[in-house]
Amino acid sequence: MVDVVDPAALRLLEISNAMTSQESSVRAYGRTNEEASLRDYRNAITAENTAVGALVALLPRMPERQAVSAEVARLRVAGEAWRRDYAETVIAAVPTLKTDAARQNANINATRFTEVRQSLTGLQSHLNRLHEAGVVRFDLGWQALYAALIGVTSALVVAGIIAVLIVRYAVLRPLAELNQQVRAVAQGDFDHKLRVERPAELSELSGHVDAMRRRILAEWRRSSETQRKLEDQTAELKRSNGELEQFAYVASHDLQEPLRKVASFTQMLDQRYGDQLDERAKQYIAFSVDGAKRMQMLINDLLDFSRVGRMGGERSRIDATVPFRAALNNLGATIEDTGATVTHDELPAVHGNRAQLTQLFQNLIGNAIKFHSQEPPVIHIGVRRAGEMWEFSCTDNGIGIDSKYTDRIFLIFQRLHGRDVYAGTGIGLALCKKIVEYHGGRIWVDNGDGETTGDSETPASTGKTENSASAGRTATPGTTFRWTLPPGDTAEDLPSPEGGDSQDRS
């Protein structure tokens, strides 16, 4: 109806208009002999042919195609007969009859054009009947579609209700049951067993959850037992620390008192009866006094080593220049006697303990002065940023360290020289290592070729120094110790990562 019948009716209307235009144009030409009317006639023929062609193109898809085709053929025959008997006759008679050409052929026009109108009316009536039939079928189709949609909608509603009931009783109710059981466990009833019988998937899920509950419960009980043992061990450790504090007190007071008496009375013996003793006896007395003093030094160093991180070890933000200056003041006499020169970069703020950092600087600078070469000691304290830490360095021009001993120097009581050559107890570098590790850093010896020793881990970065190592002794005298410390609390108060050499000399 939409694609064929109605377009065919429209084409038929165009044909009717074209035929009417032809009839009026020919009649006007026969009465007036004006060329304009003749041109209108020719144009109307063209319009008719176009409309007829479009109508014929629709015929293969037209309902009742044969009947409609027959009526279209009668219309074309009637049109051709009208043009042959009237239109062409009038046009041919105009040169001789002039304005009487149309009047003399009026009867033929009435007869032939009536046949054209009858053909047009018949075809129009046929198309109207096809349109009405299409409308009826269209309405029936919509009614069938509405009925189908209502049926499908009803079926979907019923299916939805059934699905809701199935989900409610087959899924939601078991889920609610499992949720209630899990909530009971979450509220503290850890021995509550989790179990849902159906459907099979939820049954399997509840089994897995219950297995997880049993494992968590077992781990919790083991953790509780471990926590209880840890608390017992903590209490035992506190008791042991208390005994250690008591031992430290005894070692610092009661144990040193007899040593002082031994040294004092031995010296008094030498002073009062020295003229009665031979050289060997005086040597024995000197050995006794020296042993007592060295024993006191060992006790004091051991006490310092044991106190790191245990007593007075609170850390805070501190300018590293403060403990550095304190260490230089403590070493003032030694620096003056040896003519040492100590320079340093601009030191940053770090997070540490002032007393322990003072001892760290003092031990490292003191070692650099102690193990100096024939030249006056030249020591430089450098610093640079290495990731999230500050990396410090202590470089000297001393005698250096044999590379095969660099893995031993941080062990307690380890000495590379005899007591008659260099004094000391062998605790200094071990104490430095303990202080640095207590602050969360690392300390190592830079052997000058990019490798590090003295620590189990390779540091984040080791700068190339002016010292280089070879097998045995270092090729160029001198040693570089490097260590890291955490920065202060506020990064904006710190100097630039590379730092600057302030060239302070002491």
Residues in side-chain contact (heavy atoms from CB on, under 4.5 Å) with [X], at least two apart?
{"X": "Gln143", "answer": "Leu140"}
{"X": "Leu149", "answer": "Leu145"}
{"X": "Asn17", "answer": "Leu13"}
{"X": "Ser37", "answer": "Ala28, Tyr29, Thr32, Glu34"}

- For Phe113, check ring-ring contact (aromatic ring centres under 6.0 Å, His included) against everything at least two apart and list the hits. Trp82
- Message: I'd like to know whether Leu357 forms a side-chain contact (heavy atoms from CB on, under 4.5 Å) with Val350, so could you lay out the CA-CA distance, the side-chain angles of the two residues, the decisive distance to 0.1 Å, and finally the verdict.
- Response: CA-CA 10 Å; Leu357 294 180; Val350 296; 3.9 Å; yes
Is there a side-chain contact between [X] and [Y] (heavy atoms, below 4.5 Å)?
{"X": "Ile435", "Y": "Asn353", "value": "no"}
{"X": "Phe392", "Y": "Leu347", "value": "yes"}
{"X": "Phe481", "Y": "Val445", "value": "yes"}
{"X": "His439", "Y": "Met389", "value": "no"}
{"X": "Asp85", "Y": "Thr111", "value": "no"}

Got a sec, which residues hit salt bridge (charged side-chain N to carboxylate O under 4.0 Å, His left out) with [X], two or more places apart in sequence or on another chain?
{"X": "Arg103", "answer": "Asp100"}
{"X": "Asp139", "answer": "none"}
{"X": "Glu35", "answer": "none"}
{"X": "Arg222", "answer": "Glu219"}

- For Glu23, side chain to side chain donor-acceptor pair (under 3.5 Å) partners two or more places apart: Arg27, Asn109
Exam field: side chain [X] to backbone [Y], donor-acceptor pair closer than 3.5 Å:
{"X": "Asp446", "Y": "Thr480", "answer": "no"}
{"X": "Asp396", "Y": "Ile379", "answer": "no"}
{"X": "Ser16", "Y": "Leu12", "answer": "no"}
{"X": "Arg112", "Y": "Arg84", "answer": "no"}
{"X": "Asp6", "Y": "Val2", "answer": "no"}

- Task: Evaluate the criterion salt bridge (Lys or Arg N to Asp or Glu O under 4.0 Å) for residue pair Glu14 and Arg11; output intermediate values, then yes/no.
- Result: CA-CA 5 Å; Glu14 293 174 354; Arg11 302 288 86 79; 3.0 Å; yes
In residues 43-60, what donor-acceptor pairs under 3.5 Å come from side-chain atoms, sequence neighbours left out?
from	atom 1	to	atom 2	distance (Å)
Asn43	ND2	Arg39	O	3.3
Thr46	OG1	Arg42	O	3.2
Glu48	OE1	Gln22	NE2	2.5
Glu48	OE1	Arg83	NH1	2.7
Glu48	OE2	Arg83	NH1	3.4
Asn49	ND2	Ile45	O	3.3
Thr50	OG1	Thr46	O	3.0

- Message: I need the minimum non-hydrogen distance between Asp345 and Val383, along with the two atoms involved.
- Response: OD2-N, 3.2 Å
- Message: When you measure from the centre of the six-membered ring of Trp483, is the NZ or CZ of Arg442 closer than 6.0 Å and no more than 45° off the axis?
- Response: no
- Task: Enumerate the residue pairs fulfilling salt bridge (charged side-chain N to carboxylate O under 4.0 Å, His left out) with a member in residues 147-161, sequence neighbours excluded, ordered by first and then second residue.
- Result: none
